[in-house]
Amino acid sequence: SPAAGAPLRLCSAGPAPQGVDQAVVGRIIRVDHAGEFGANRIYAGQMAVLGRSSVGPVIQQMWNQEKEHLKKFNELMVAYRVRPTILLPFWNVAGFVLGAGSALLGKKGAMACTVAVEESISDHYNSQIRTLVEEDPEKYKELLQIIKQFRDDEREHHDTGIEHDAEAAPAYSVLKAAIQLGCKAAIFLSERI
């Protein structure tokens, strides 16, 4: 695991790594790139509404990590020659609207959104880790390291949301379930389109 704040770097440069299942890797990188792109837009929406509030610095800190995640997946898309999902323009708008909309419910609403999204993403990362370990953990060592680190960051964001009263948001269970349903749909579509 890299030192705190140290960016992860792909060891190989140039042609796509040899011997990997390009279909599996392409699906993983495409959906993870879309997810990190969407997360960036969610935090941008939350900052537009709550950036000057007491919770602004907390949101900004989580957003800064998401920016690093997106940067890494941009690099991986080039290294592994993966095309992005064609749904990025939709995720651009939908992510911002979700972030701003949840923030309009106040700090607790924004944090409820964070909990719902980050729980969905960390569960999705765990599924990807299982897939890559079953395929060949040595062959996918670099990708596994990156996904595990980002999964841990997402769990940290989830916990931050809980610590900042997410569960006290109005209609928390309904809000969380609706956002997680949207996340599942976004994952399904972004893997394929």
Side-chain angles (χ1 to χ4, degrees), residues 1 4-5 7-8 28 31-74 85 87-129 146-191:
S1 166
L8 292 164
I28 286 173
V31 70
D32 291 354
H33 174 265
E36 296 299 347
F37 179 84
N40 269 271
R41 298 305 296 149
I42 290 168
Y43 284 118
Q46 289 182 350
M47 285 299 289
V49 175
L50 295 173
R52 295 177 187 234
S53 73
S54 63
V55 77
V58 174
I59 295 170
Q60 184 65 57
Q61 183 180 5
M62 292 187 289
W63 189 16
N64 289 343
Q65 280 187 310
E66 299 296 351
K67 289 176 185 178
E68 287 300 313
H69 295 180
L70 180 58
K71 180 181 175 192
K72 175 48 72 179
F73 277 110
N74 282 331
T85 177
L87 296 171
L88 283 183
F90 179 75
W91 301 147
N92 181 30
V93 174
F96 189 88
V97 168
L98 177 58
S102 66
L104 287 171
L105 297 173
K107 171 189 132 176
K108 295 172 186 173
M111 291 298 153
C113 176
T114 295
V115 166
V117 170
E118 302 294 21
E119 184 176 297
S120 294
I121 299 306
S122 61
D123 289 348
H124 181 68
Y125 278 155
N126 280 333
S127 175
Q128 290 179 338
I129 290 165
I146 292 164
I147 293 172
K148 285 176 183 177
Q149 178 62 52
F150 291 179
R151 184 249 350 248
D152 293 347
D153 291 346
E154 309 303 358
R155 289 304 302 174
E156 184 180 307
H157 298 171
H158 168 275
D159 295 348
T160 298
I162 296 292
E163 291 165 11
H164 285 86
D165 303 321
E167 295 168 313
Y172 172 75
S173 297
V174 174
L175 183 64
K176 182 180 174 190
I179 291 170
Q180 288 185 328
L181 183 62
C183 287
K184 286 179 183 174
I187 288 167
F188 179 84
L189 293 171
S190 293
E191 281 180 328

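All values reported here derive from a predicted model rather than from experimental measurement. Note: hydrogens, waters and symmetry copies are ignored here, and every other heavy atom, side chains too, is used.
Counting heavy atoms from C-beta outward, Met62 and Tyr43 have side chains that approach closer than 4.5 Å. Between Met111 and Val58, some side-chain heavy-atom pair lies under the 4.5 Å cut-off. Between Val117 and Glu154 the shortest side-chain heavy-atom distance does not fall below 4.5 Å. Side-chain atoms of Val31 and Gln128, non-hydrogen and from C-beta on, do get closer than 4.5 Å to each other. Between Asn64 and Lys67, the closest side-chain pair of non-hydrogen atoms falls below 4.5 Å.
Residue Glu167 holds its CD atom at 7.5 Å from NZ of Lys176, rounded to the nearest 0.5 Å. Note that CD of Gln180 and CD of Glu119 are 4.5 Å apart. Values are rounded to the nearest 0.5 Å. Note that OG of Ser127 is 8.5 Å distant from CD1 of Ile28, once rounded to the nearest 0.5 Å. Taken to the nearest 0.5 Å, the OG1 atom of Thr85 stands 10.5 Å off from the CD atom of Glu191. Within the model, atoms CZ of Arg155 and CG of Asp123 stand 6.5 Å from one another, a figure rounded to the nearest 0.5 Å. Rounding to the nearest 0.5 angstrom, the gap separating the OG1 atom in Thr114 from the CD1 atom in Ile42 is 8.0 Å.
At a threshold of 4.0 Å, the pair Glu36-Lys72 does not count as salt-bridged, since none of the basic side-chain nitrogens sits closer than that to a carboxylate oxygen.
Heavy-atom minimum distance, Gln46 versus Ser102: NE2-OG, 3.5 Å. When all heavy atoms are compared, the tightest approach of Ala44 to Trp63 is CB-CZ2, 3.7 Å. Counting all heavy atoms, side chain and backbone alike, Ser122 lies closest to Arg151 at O-CG, 3.7 Å. Nearest heavy atoms, Cys113 versus Ile179: CA-CD1, 3.7 Å. Contact record, Ala110 with Ala103: CB-CA, 4.0 Å, taken as the closest heavy-atom pair. Scanning both residues, Leu87 and Ser190, for their nearest heavy atoms gives CD1-N, 4.4 Å.
Below 30°, between 30° and 60°, or above 60°: for Phe150 and Tyr125 the angle between ring planes is between 30° and 60°, a tilted geometry.
Within 6.0 Å of atom NZ in Lys108, 12 or fewer heavy atoms from other residues, nucleotides or ligands are found, so the atom counts as exposed in its surroundings. Shown here is Gln61, whose CD atom has no more than 12 heavy atoms of other residues, nucleotides or ligands within 6.0 Å.
A donor-acceptor distance shorter than 3.5 angstrom exists from the side chain of Asn40 to the backbone of Glu66, with no hydrogens or angles considered.
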Exercise. Check step by step if side chain to side chain contact (heavy atoms under 4.5 Å, CB included) holds for Val115 and Tyr172.
Key: CA-CA 10 Å; Val115 166; Tyr172 172 75; 3.3 Å; yes
